[in-house]
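Values below: every heavy atom of this structure, side chains too, minus hydrogens, waters and symmetry copies. Proteins get letters first, then strands, A, B, ... in listed order; numbering begins at 1 in each.
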Protein chains: 2
Amino acid sequence: MDNSNKTKITAEEGKQELFIVREFDASREKVFKAFSTPELLMEFFAPFGNKMRFNYHNYQTGGSYSWYNEDQKGNVLCTFNGIIHEIEAPIRLIQTSEFMELPERGHVVLEKMLFEELPNGRTKLIIHDVCFSVADRNAMIDSGMEKGLIEIFNNLDHLIRNSKL
Amino acid sequence: MDNSNKTKITAEEGKQELFIVREFDASREKVFKAFSTPELLMEFFAPFGNKMRFNYHNYQTGGSYSWYNEDQKGNVLCTFNGIIHEIEAPIRLIQTSEFMELPERGHVVLEKMLFEELPNGRTKLIIHDVCFSVADRNAMIDSGMEKGLIEIFNNLDHLIRNSKL
């Protein structure tokens, strides 16, 4: 893997937002499709040998989704529900996301995913998450988000290398 | 009007969020209904003698809306599109909102509305807005939001006093 394909997470002290940046060796159209097509997401969007499953999905502006990760014994590890504010292929996806295993509702995240074209048919993904509080933002980071995302993005690299997109 | 019914807006310097707090002389059920029922919203949710109109609305979890204000000559003044992340009557409404007359898409706001019961059948509404940037938050404030909201909330007081809820 090229070093430029490293996952970079920026979370400034005291802010209620974070940025995740990752480059991929595939066109913007392909990377966008990977992140907005349930059948493709299920191929890579789970770390540590777990599986991603959907309760429901409707990836269009005004649509919604509910997905979860399950381990190899079929235990549900985490569920995320959200709605799609806007989907503008292959440029932008804006959605909400809520971690449904929390004891309290309302800790919702607003997420913007931008897909930027790079030279040589490569793509930069920029994820911008904003939370209702700094505490919510910090809890996301402390949940082990980075480790999981690195695995998920590496899974996507694997699909790209094997021309599965 | 009781002085406790004043509109209070808090926007801390350098933050990408703001809080709007307003009390009403009506039960939580009635105030919640006012803010989540298109036919009622159209009765009060426009300042300065303008009218609120809907392009579409579906006030349920996973639903969406598009509304605009028009002046007395029928000119469209501002349009807001969004989706309903969660509606939990009579406690909580979480939605996105985007000002559609901006030259650029993506300046979305995540909004939580909490309806708290007060003694004597009164209600405190707490609106918590978070933006993708401090600049977006400041632009909301500079748009004259406070003046408009004060009028809108006074319109709702008027409906309450006249038992129109």
Side-chain angles (χ1 to χ4, degrees), chain A residues 10-19 55-66 79-89 91-100 102 104-116 126-137 140, chain B residues 10-19 55-66 79-89 91-100 102 104-116 126-137 140:
Chain A
T10 309
E12 204 185 312
E13 176 82 22
K15 299 281 283 180
Q16 59 201 93
E17 67 184 345
L18 61 84
F19 296 87
N55 292 310
Y56 54 83
H57 57 73
N58 180 15
Y59 277 84
Q60 60 179 25
T61 298
S64 57
Y65 67 83
S66 173
T79 308
F80 289 89
N81 286 8
I83 41 76
I84 312 288
H85 176 88
E86 187 198 25
I87 187 161
E88 177 73 23
I91 298 165
R92 190 169 58 241
L93 200 167
I94 299 175
Q95 60 189 355
T96 62
S97 172
E98 184 170 9
F99 177 33
M100 300 304 286
L102 289 179
E104 185 185 73
R105 291 278 63 76
H107 297 273
V108 180
V109 179
L110 177 63
E111 179 167 272
K112 187 189 290 185
M113 303 176 75
L114 293 177
F115 301 79
E116 290 185 2
I126 302 166
I127 302 177
H128 183 185
D129 286 348
V130 297
C131 302
F132 277 121
S133 68
V134 178
D136 280 4
R137 194 279 311 260
M140 276 175 74
Chain B
T10 308
E12 203 185 314
E13 176 82 24
K15 298 281 283 180
Q16 60 201 94
E17 67 184 345
L18 60 86
F19 296 86
N55 292 310
Y56 53 83
H57 57 74
N58 180 15
Y59 277 84
Q60 60 179 24
T61 298
S64 56
Y65 68 83
S66 173
T79 308
F80 289 89
N81 287 8
I83 42 76
I84 313 288
H85 177 87
E86 187 199 25
I87 186 160
E88 177 73 22
I91 299 166
R92 190 169 58 242
L93 200 168
I94 300 175
Q95 61 188 356
T96 62
S97 172
E98 184 170 8
F99 177 32
M100 300 305 284
L102 290 179
E104 184 185 74
R105 292 276 64 75
H107 297 273
V108 181
V109 179
L110 177 63
E111 178 166 272
K112 187 189 290 185
M113 303 175 75
L114 293 177
F115 301 80
E116 290 184 3
I126 303 165
I127 302 177
H128 183 185
D129 286 346
V130 298
C131 302
F132 277 121
S133 67
V134 178
D136 280 2
R137 195 278 312 258
M140 276 175 73

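Contact count against chain B (heavy-atom pairs under 4.5 Å) is highest for Ile94(A) among Asn58(A), Asp129(A), Ile94(A), Thr61(A).
Under the side chain to side chain contact (heavy atoms under 4.5 Å, CB included) criterion, Ile126(B) pairs with Val21(B), Leu114(B), Glu116(B), Lys124(B), not counting sequence neighbours. Listed by chain and residue number, Ser66(B) satisfy the side chain to side chain donor-acceptor pair (under 3.5 Å) test with Asn81(B) (two or more places apart in sequence, or in another chain).
Taking 4.5 Å as the limit, every side-chain heavy atom of Glu88(B) sits out of range of all side-chain heavy atoms of Arg105(A).
Each of Glu86(B), His85(B), Gln95(B) was scored for a side chain to side chain contact (heavy atoms under 4.5 Å, CB included) with Ile83(A), with one residue passing: His85(B).
Lys112(B) places a side-chain N or O within donor-acceptor distance of the main-chain N or O of Gly106(A), the cut-off being under 3.5 Å.
Using a 4.5 Å cut-off between heavy atoms, Leu110(A) contacts chain B through both its backbone and its side chain.
Between the SG atom in Cys131(A) and the CD atom in Gln16(B) there is a gap of 9.0 Å [rounded to 0.5 Å].
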